[in-house]
Amino acid sequence: MALCAKKRPPEEERRARANDREYNEKFQYASNCIKTSKYNILTFLPVNLFEQFQEVANTYFLFLLILQLIPQISSLSWFTTIVPLVLVLTITAVKDATDDYFRHKSDNQVNNRQSQVLINGILQQEQWMNVCVGDIIKLENNQFVAADLLLLSSSEPHGLCYIETAELDGETNMKVRQAIPVTSELGDISKLAKFDGEVICEPPNNKLDKFSGTLYWKESKFPLSNQNMLLRGCVLRNTEWCFGLVIFAGPDTKLMQNSGRTKFKRTSIDRLMNTLVLWIFGFLVCMGVILAIGNAIWEHEVGTRFQVYLPWDEAVDSAFFSGFLSFWSYIIILNTVVPISLYVRYAVSLPRGLSRESGGPLGLLSSVKVKSSRGNLGSSPSCAVNIL
């Protein structure tokens, strides 16, 4: 899966030459391997903890735990804080790990699907993850499109083919795509094996309804548009077969460009609880300041008279420092104004289907579909449960 995350320089234009992997490899284009998972075995613990401590309450209780480990100011056992904090972190981590496990499983399932690729003049079965830019792929009726393809020819007259784009834009009616006339006659394997046209087009983007490029072949050039493209996620319908040239693969496909990066999402309840914790913590600090000032005044005015009976600790040498230590002691004593039990109950009762990372049971394609129905085909984060 390392190829899925390989960094590449930004593109100004895409160049793809048919049946010439050696030429296309020098541009370091992405493979057709996809990766929607967030973690691996090494990064799960640090990354997940970092994300969880973005929650104000988790940071607050960790801060309290550190204070309770200081004997000069702590009057409560650290055990009362660490147990519920670890419980909340563990439950959330298990949920996140489960969600990411299904992402890994879905990625592996999709990347290992089979496709017919023309290699050295012979159609061979290849896994989707091994398909490269510039490869010629044969699709058959009711098959999903493995990558963003330039339609070359089909079993229908005039190079027509029919596709279903429900997984991209939510529209269930069939759409027609057509090969350009110069390639529509390339229905024979031997002719396709000799095809060496080069496509120069726009760089990868998330615009599902736009494409511009030019095919250079036989010392001529032919304009290309979105009507000549088959996008990943589409399904070939009512067409016996068709051939397509891979233009964008894997993360460069328009479907994956719309998916965005899997993010740590917060629900409205999370945001509300963060706001409440900040307000409560502010109130707690105000109470601590008032009580600490009262302690310092009492120690300065009255407490010094009782040094023989109530001596200060060795580390305390003034009423001001006594008030400073008292401030942190009051923060610990009054910490229950932020109810950690509420967070424990929230973490335990939160259904998996509504967890922070789920993004809904329909996954990436549904997320793109909803965006499309609103007229916005921009980036939309999702867990990508069912990537096609």
Side-chain angles (χ1 to χ4, degrees), residues 1-36 107 110-111 113 115-124 126-139 145-153 179-180 182-183 186 192-208 210-226 228-234 243-261 379 387:
M1 298 294 287
L3 293 174
C4 302
K6 186 177 180 180
K7 293 184 178 180
R8 296 168 291 111
E11 293 184 48
E12 295 183 359
E13 64 179 13
R14 171 60 60 103
R15 290 176 173 266
R17 183 179 295 173
N19 296 313
D20 194 343
R21 285 193 173 185
E22 184 177 354
Y23 172 80
N24 297 320
E25 282 175 357
K26 71 180 184 181
F27 296 107
Q28 299 181 349
Y29 293 141
S31 70
N32 205 37
C33 172
I34 63 167
K35 179 179 180 292
T36 61
D107 290 345
V110 171
N111 289 330
R113 286 179 177 173
S115 184
Q116 298 183 69
V117 182
L118 185 62
I119 301 177
N120 298 324
I122 302 173
L123 279 177
Q124 300 181 16
E126 283 283 348
Q127 294 175 327
W128 277 24
M129 64 190 303
N130 296 326
V131 172
C132 301
V133 172
D135 287 350
I136 294 178
I137 294 179
K138 181 181 181 181
L139 295 175
V145 180
D148 289 356
L149 310 176
L150 170 65
L151 179 61
L152 297 177
S153 60
I180 58 177
V182 71
T183 65
L186 299 177
L192 287 167
K194 297 177 182 178
F195 178 65
D196 60 354
E198 182 175 2
V199 174
I200 300 178
C201 64
E202 60 189 19
N205 59 74
N206 62 1
K207 298 177 181 178
L208 297 175
K210 293 182 180 179
F211 177 81
S212 61
T214 305
L215 171 64
Y216 293 85
W217 189 41
K218 295 182 177 179
E219 300 182 352
S220 300
K221 58 181 182 179
F222 310 92
L224 304 174
S225 69
N226 196 53
N228 310 124
M229 295 295 294
L230 304 179
L231 302 183
R232 180 175 182 141
C234 298
F243 287 94
L245 172 66
V246 177
I247 305 297
F248 301 118
D252 291 341
T253 59
K254 293 183 182 291
L255 175 66
M256 295 302 296
Q257 290 284 311
N258 271 282
S259 73
R261 185 178 178 181
S379 176
I387 302 294

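FYI, the numbering just counts along the sequence from 1.
- Evaluation of the salt bridge (charged side-chain N to carboxylate O under 4.0 Å, His left out) rule for D148 yields no partner, not counting sequence neighbours.
- Applying the side chain to side chain contact (heavy atoms under 4.5 Å, CB included) rule to S212 yields the partners E202; only residues at least two apart in sequence or on another chain are considered.
- Applying the salt bridge (Lys or Arg N to Asp or Glu O under 4.0 Å) test to every pair with at least one member in residues 210-221, sequence neighbours left out, gives no pairs at all.
- Using a 4.5 Å heavy-atom threshold, the side chains of C132 and N24 count as separate.
- When every heavy atom of L149 is checked against every heavy atom of L139, the shortest pair comes out as CD1-CD1, 3.8 Å.
- In this structure, N32 contributes its side chain and W128 its backbone to a donor-acceptor pair below 3.5 Å.
- The cationic atom of R232 (NZ for Lys, CZ for Arg) does not lie both less than 6.0 Å from the six-membered ring centre of F248 and within 45° of the ring axis.
- For the side chain to side chain donor-acceptor pair (under 3.5 Å) test, residues two or more places apart in sequence or in another chain that qualify with D196 are W217.
- Annotation: side chain to side chain donor-acceptor pair (under 3.5 Å) contacts of E126 (sequence neighbours excluded): none.
- Between P251 and A30, the shortest heavy-atom distance links the atoms CG-CB, 3.7 Å.
- The shortest non-hydrogen separation linking K138 to F243 is CB-CE2, 3.5 Å.
- The backbone N or O of N206 lies less than 3.5 Å from a partner atom in the side chain of N258, making a donor-acceptor pair.
- Pairs of residues two or more places apart, or lying in two chains, that qualify as salt bridge (Lys or Arg N to Asp or Glu O under 4.0 Å) and include a residue from residues 20-34 are R17-D20, R21-D135.
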